[in-house]
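See below for the structure under consideration.
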2 protein chains.
Amino acid sequence: MSKLTETLNNFLDLDEKSLQAFLENGHILKISKSKKLIEEGEVSEFLFFIQKGSVRSYYFRDDKDITISFSLEGEFITSMSSFITQTPSYENIEAMEDCEMWCISHKSLMDLFEEYHDLERAYRLLLEQYYIRLEEHLIFSKFKNARERYEELIQYKPEIIQKASVGQIASFLDMSIETLSRIRASL
Amino acid sequence: MSKLTETLNNFLDLDEKSLQAFLENGHILKISKSKKLIEEGEVSEFLFFIQKGSVRSYYFRDDKDITISFSLEGEFITSMSSFITQTPSYENIEAMEDCEMWCISHKSLMDLFEEYHDLERAYRLLLEQYYIRLEEHLIFSKFKNARERYEELIQYKPEIIQKASVGQIASFLDMSIETLSRIRASL
DNA sequence: TTGATTTTTTGATATTTATCAAATGACAAT
DNA sequence: ATTGTCATTTGATAAATATCAAAAAATCAA
């Protein structure tokens, strides 16, 4: 069983036919390191599933590159607000290493939802999980200091420490490069 | 047309029968100022819609009361993570003034989803909107200083300034009471 | 390998905001 | 009006983190 069907089945036992239709409507996309999956200003047409590799989502603020999130193998990723509203994205998503993605277009997904109720439900459940995760991230990082935020990342996604640069990690953790460097030196 | 059906129709033109079933499965709840809608530790059984009034969601951290969100008339509210997972809530939700809520239980909602596909879709669309809002809140408050966060609140939900105490607003904006007081004095 | 370029670390200082303490103000009960 | 309580403001100081500058280390191209 592929990582994708495995992940989907974590949410819901999909009907054989729905799953089949879902898989048939998507396709594989290989993308090499540093290439962009989504670029600021364009509409996020696809929902991606990371079968292999990792990606980083970021935007520019005063010409500085600010990381919003890191995503790893087995996760869905897209510029959510753009994908949902089908309006231009304010974020970029790039491959942090050579990746193999599975992806499905917004249109295909919406069409599938018309026909397969359980797919829409799986998507709804996925959204719920992502919502909770975002809320927890927001609340629990609120009262953590720089060091605790770094320690949280180590707990939560240790792989990132190897895969991302200090600058990318620092902007994600909302601290300066220098502060992060000092925290690392003191551990 | 009630505020609730109006709000629902913003997302989707619901089938007459679905809407009827939805409304019939909920009920009205009047709750007076300072009373709790949801208490920490209990499972959030209901999804509420604020027909009249306003509520505040908060939790305790080191015995300090920390505001997570303020919600106004026309908004849905519950302890999302608790409602979704049906596990104990870490947050409290209290009425900031005498309120009239409409509410529907988790069980009723799930049962309705089995029968009325378009209700599940409306809920999915609602979730999407809330997800985007949370994401924007997270990203755009990240690089704002204390004063800008206060100004953002004034823009975004000016009513709150009247309805909430300085302490509640300060914890929501993630600053001390004193800092908020000084910001106000300097405007 | 070497030199150039970029990234990371280290040090000194500045800024923002928190904390603590005291003063003031608002309101309720007497 | 007076007292007590609680919320808010003001002032002084401390702590956390950013910023700026320079040194050291890593990476890369020729």
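The sequence lines fix the lettering, A, B, ..., with proteins before strands; numbering per chain opens at 1.
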What integer distance in Å separates [X]:[atom1] from [N]:[atom2]?
X	N	atom1	atom2	answer
B:D65	D:dA7	CG	C1'	14 Å
A:K163	C:dT7	NZ	P	20 Å
A:K144	D:dT17	NZ	C1'	18 Å
B:I183	D:dT10	CD1	C1'	15 Å
B:R149	C:dA18	CZ	P	7 Å
A:I169	C:dT9	CD1	P	10 Å
B:M175	D:dT9	CE	P	13 Å
A:R147	D:dA15	CZ	P	17 Å

| Which nucleotide in C:dA18, D:dT10, D:dT17 has an atom nearest any side-chain atom of B:E178 |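 Nearest to the side-chain atoms of B:E178, counting from C-beta on, is D:dT10.
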| field | B:S176 side-chain proximity, nearest of D:dA18, D:dT10, C:dT19 | value |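 It is C:dT19.
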| query | Would you say D:dA18 has OP1 or OP2 under 4.0 Å from some side-chain N or O of A:T179? | reply |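 For D:dA18, OP1 or OP2 has a side-chain N or O of A:T179 closer than 4.0 Å.
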| Where does the angle between the aromatic ring planes of A:F46 and A:H27 fall among parallel (under 30°), tilted (30 to 60°) and perpendicular (over 60°)? |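 The arrangement is perpendicular - the two ring planes meet at more than 60°.
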| said: Students often get this wrong, so: under 4.0 angstrom with heavy atoms, is A:L180 touching a base, only sugar-phosphate, or nothing? | reply: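 No contact at all - A:L180 keeps every heavy atom at 4.0 Å or more from the nucleic acid.
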| query | Are B:M101 and B:M80 in one and the same hydrophobic cluster, where Ile, Leu, Val, Met, Phe, Trp and Tyr link if side-chain heavy atoms are under 4.5 Å apart? | reply |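 Different hydrophobic clusters.
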| query | Does NZ or CZ of B:R133 come closer than 6.0 Å to the centre of the six-membered ring of B:Y130, within 45° of the ring's axis? | reply |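 So B:R133 does make the cation-pi contact.
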| task | Map B:R182 and B:S165 onto DNA chain D by nearest heavy atom, then report which one ends up closer to the 5' terminus. | result |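 Closest to the 5' end, via its nearest nucleotide, is B:S165.
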| query | Side chains of B:S44 and B:T78: donor-acceptor distance under 3.5 Å anywhere? | reply |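 On atom types as modelled, these side chains qualify, holding a pair under 3.5 Å.
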